[in-house]
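Side-chain atoms are counted along with the backbone in the values below, which use heavy atoms only and exclude waters and symmetry mates. Labels below follow one simple rule: chain letters A, B, ... track the order of the sequence lines, proteins then strands, and each chain is numbered from 1. What you are looking at is a predicted structure, and each value in this text was computed from that prediction instead of being measured.
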Amino acid sequence: MSIWLMKSEPSEYSIDHLQSDGTSSWFGVRNYQARNYMRDSMNIWDRVLFYHSNCKTPGIAGLAEVASLPHPDITQFIPGDKHYDPKSTQLKPIWQCVDVRFVQKFWEIVSLASIRSTSWLESMKFLQKGSRLSITPVTEAEYQILEPMFH
DNA sequence: GCCAACGTTGGC
DNA sequence: GCCAACGTTGGC
């Protein structure tokens, strides 16, 4: 089982949205590296740390899990959609995504500030200078440090 | 293939 | 709202 940190702007799609939806496709990723993680490296039951970005208190808001194999992101085919990609075709889709299922919402967000101030977590990929990837792997060791911070 | 210009991300 | 850092685009 692998562990992933997946960013979403809560004004677009928050942990609360996922809680009410139960399961949702992680559509809209338009970065090749992030797509490759979903397409090539994710497996059903992988753990997902649901991260709120670009908001008042950025941080990990809850947990989810990978709930499907990779499949085409349908928004790439919809003209006028924010995520429409004219270069993509039904026969050769460019963008793949997975479904994620809600697991848990934390009572309190595990803030970016608190993660940054934990020296054992300095290695986390998403913290690295200039990292803007919306999906990054989390190591088992990092997860072990993070877990007690979840509540 | 280079690289300038542009658009986006995301913390602050 | 600012802006650093990055990814993408497209002319050449």
Worksheet item: Within the structure, does a side-chain N or O atom of K129(A) lie under 4.0 Å from either OP1 or OP2 of dG10(B)?
Response: no

Worksheet item: Nearest-Å distance, CH2 (W95(A)) to P (dT8(C))?
Response: 7 Å

Worksheet item: Just how far, in rounded Å, is P of dG11(B) from CD1 of I109(A)?
Response: 10 Å

Worksheet item: Taking CZ from R30(A) and P from dC6(C), how many angstroms apart are they, rounded to a whole number?
Response: 23 Å

Item to complete: Send over the distance from L112(A) CG to dG10(B) P, rounded to a whole Å.
Response: 11 Å

Item to complete: Look at atom CD of E108(A) and say whether more than 12 heavy atoms of other residues, nucleotides or ligands are closer to it than 6.0 Å.
Response: no

Practice prompt. Would you mind classifying the nucleic acid contact of K56(A) as base, sugar-phosphate or nothing, using non-hydrogen atoms under 4.0 angstrom?
Written response: nothing

Discussion item. For residues 21-45 of chain A, which residue pairs pass the ring pair (Phe, Tyr, Trp, His ring centres under 6.0 Å) check, not counting sequence neighbours?
Written reply: W4(A)-Y37(A), W26(A)-F50(A), Y32(A)-W95(A)

Worksheet item: When you measure from the side chain of S114(A) to the backbone N and O of S111(A), does any donor-acceptor pair fall under 3.5 Å?
Response: yes

Worksheet item: Is the shortest distance from a Lys or Arg side-chain nitrogen in K82(A) or E12(A) to a carboxylate oxygen in the other one below 4.0 Å?
Response: yes

Discussion item. Both Y32(A) and N54(A) contact DNA chain C. Taking the nearest nucleotide for each, which residue is further toward the 5' end?
Written reply: N54(A)

Practice prompt. Select base, sugar-phosphate, or nothing to describe what Y51(A) touches, counting heavy atoms under 4.0 Å on all strands.
Written response: sugar-phosphate

Discussion item. Expressed as a whole number of angstroms, how long is the span from H52(A):NE2 to dC12(B):P?
Written reply: 17 Å

Item to complete: Send over the distance from F126(A) CZ to dA5(C) P, rounded to a whole Å.
Response: 18 Å

Fill in: N31(A) CG - dG7(C) P separation (whole Å)
7 Å

Discussion item. Please report the distance, rounded to the nearest Å, between CZ in R116(A) and C1' in dG10(B).
Written reply: 11 Å

